[in-house]
Amino acid sequence: MRLGLALGYWGRGPDPGHLALAQEAERLGYGSVWTAEAWGSDAFTPLTWIAAHTSRIRLGTGIAQMAARTPTATAMHALTLDHLSGGRLLLGLGLSGPQVVEGWYGRAFPKSPLTATREYVEVIRQVLARQAPVEVAGRFHSHPYTGPDATGLGKPLKPITHPLRSSLPVLLGAEGPKNIAQTVEIADGWLPLYWSPYRTDVYAASLTGLREGFMIAPMARAQVCDDVAEGLLPVKAMLGFYIGGMGHAARNFHADLMARMGFEEEARRIQELFLQGRKEEAIGVVPDAFADEISLIGPRARIAERLAEWRKGPVTDLLVTAPDPHTLRVLAELST
């Protein structure tokens, strides 16, 4: 099980410590570093900055949102950064949810997310293969465009730039059982939002027929500290925000996932409180047990014990969000 560093997306502004953390992770032998995007900073620009200041560590978008760019634009970002970094890019993609897609990107959330994802990946595959001009007659992605307002002048094109790797890995963020099963079929890896090494049965039916080399790369908060309860507070705050605020009361993929993992009553209560504006109470309802299962928090010996559980399952890459170089070093030492 390889280690990766997940830096996430920016808050009010860039984190001045992110580059140093990425460089330390490379020095310690971490396999990858990942950036994200929500409705602020983008995923590709910080990753390009990191690429310019590192030499070996792989560079992942975890995740780039499909609604933010057409699939050809995403493929252009990918092949450009892959060239500039010497073939280090891992392209992680995700649909996000209706709240963000319609509220921030100003476009309709697809009525068939599975079809939209499949078509998006197909376009990217064609661009990177560069065997012929891109031609996809899809429900959501049409190349050339043939909609009712088309001029009829669209021409199939293939990229001017020759991609460095036609096999550039594409990973998908997926939460629902059917979405995960499709990810196994069409992608090179899966980026789980929450992973509990004690509840791998939740995903078992969707992960049948895994191909050799398929990546399973969940993110987990990690922190070496003496007080476990205090160390879990950032995890609970994250869960409260995602489960309570990242979605509509009637359609929240994160809350549905928590429910499938055995915490349905708590998930619905978190939603209820958060949507009433009672955010602190919502965070307080997040069960310590759930926050603890999906993270690595506590003294070194406790983390070592729990890390052994992570290694027993199918996870190939553990992407840690670690707040300090000391935690990165401890995890590296425990993984050798």
Side-chain angles (χ1 to χ4, degrees), residues 1-6 29-34 36 57-64 66 71 74 78 82 87-95 112-126 128-129 165-220 222 253-254 256-262 293-296 306-321 331 335:
M1 186 177 70
R2 296 175 294 252
L3 291 176
L5 170 64
Y30 279 59
S32 55
V33 58
W34 300 74
I57 196 166
R58 292 192 295 174
L59 310 155
T61 56
I63 60 173
M66 297 184 203
T74 296
D82 203 45
R88 290 190 277 153
L89 185 67
L90 299 164
L91 181 59
L93 303 170
L95 272 178
S112 177
L114 292 174
T115 302
T117 298
R118 181 180 289 271
E119 291 175 6
Y120 200 102
V121 172
E122 171 59 23
V123 173
I124 289 174
R125 297 287 199 202
Q126 287 194 28
L128 295 176
R165 294 182 295 162
S166 61
S167 59
L168 189 156
V170 176
L171 298 89
L172 296 174
E175 294 180 55
K178 291 181 180 179
N179 204 345
I180 297 169
Q182 176 174 271
T183 297
V184 172
E185 178 189 349
I186 69 173
D188 302 298
W190 173 41
L191 297 165
L193 180 62
Y194 310 134
W195 180 275
S196 168
Y198 309 99
R199 300 174 190 267
T200 57
D201 58 303
V202 172
Y203 301 114
S206 301
L207 294 177
T208 56
L210 290 178
R211 301 184 306 280
E212 184 177 353
F214 187 86
M215 294 176 63
I216 298 179
M219 284 183 279
F253 303 133
H254 311 313
D256 293 344
L257 174 57
M258 183 178 173
R260 286 196 300 275
M261 295 180 76
E293 284 186 21
I294 65 171
S295 58
L296 289 161
R306 299 173 78 85
L307 197 58
E309 296 298 319
W310 285 77
R311 292 196 188 96
K312 291 178 182 178
V315 171
T316 62
D317 296 76
L318 174 58
L319 313 183
V320 298
T321 59
L331 287 171
S335 298

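Because the structure is predicted, anything quoted here is derived from the model rather than measured.
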Can you name the residues that form a side chain to side chain donor-acceptor pair (under 3.5 Å) with Ser112, not counting sequence neighbours?
-> Thr115
Check Thr117 against Gln182 and note the closest heavy-atom contact, atom names and distance.
-> CB-NE2, 3.8 Å
Sequence neighbours left out, what passes side-chain contact (heavy atoms from CB on, under 4.5 Å) with Ser167? Give chain and number order.
-> Arg165
Side chains of Ile216 and Leu207: closer than 4.5 Å at any heavy-atom pair?
-> yes
What residues, two or more places apart in sequence or in another chain, satisfy side chain to side chain donor-acceptor pair (under 3.5 Å) together with Lys178?
-> none
Are side-chain heavy atoms of Trp310 and Pro218 found at a separation under 4.5 Å?
-> yes
Identified side-chain contact (heavy atoms from CB on, under 4.5 Å) counterpart of Met215 within the set Leu210, Asp188, Leu191, Leu171 | Leu171
Scanning both residues in full, the closest heavy-atom pair of Val184 with Gly209 reads CG1-O, 4.1 Å
Heavy-atom side-chain proximity of Tyr30 to Asp317 below 4.5 angstrom | no
Heavy atoms, side chains only, cut-off 4.5 Å: are Arg118 and Ile186 in contact?
-> yes
Taking salt bridge (charged side-chain N to carboxylate O under 4.0 Å, His left out) as the test, write out the residues that go with Arg306, two or more places apart.
-> Asp292
Could you tell me which non-hydrogen atom of Arg199 sits nearest to which non-hydrogen atom of Glu293, and how far apart they are?
-> NE-OE1, 2.8 Å
Minimum heavy-atom distance Gly176-Arg260, with the two atoms named = CA-NH2, 3.7 Å
Do Ser206 side-chain atoms and Pro177 backbone N/O form a donor-acceptor pair below 3.5 Å?
-> yes
Beyond-backbone contact of Tyr120 with Leu95, side-chain heavy atoms, under 4.5 angstrom = no
Residues in ring pair (Phe, Tyr, Trp, His ring centres under 6.0 Å) contact with Tyr194, at least two apart in sequence or another chain | Phe290
Tyr203 meets the ring pair (Phe, Tyr, Trp, His ring centres under 6.0 Å) criterion, sequence neighbours left out, with Trp190, Trp195
What closest approach, in Å, do Leu318 and Val315 show between heavy atoms, and which atom pair accounts for it?
-> N-CG1, 4.2 Å
Check: Ser196 side chain, Ile294 main-chain N or O, donor-acceptor pair, under 3.5 Å | no
Could you check if a side-chain atom of Leu91 sits within less than 4.5 angstrom of a side-chain atom of Asp82, using non-hydrogen atoms only?
-> no
Do the non-hydrogen side-chain atoms of Arg311 and Pro197 ever get within less than 4.5 Å of each other?
-> no
In a check of side-chain contact (heavy atoms from CB on, under 4.5 Å) between Trp34 and each of Leu90, Leu59, Val320, Ile63, which one passes?
-> Leu90
Reported CD-to-CG distance for the pair Glu309 and Leu307, which is rounded to 0.5 angstrom | 10.0 Å
Indicate the atoms forming the closest heavy-atom contact of Ser295 with Ala220, along with that distance.
-> CA-CB, 4.2 Å
Check whether any side-chain heavy atom of Ile124 sits under 4.5 Å from a side-chain heavy atom of Met66, and report yes or no.
-> no
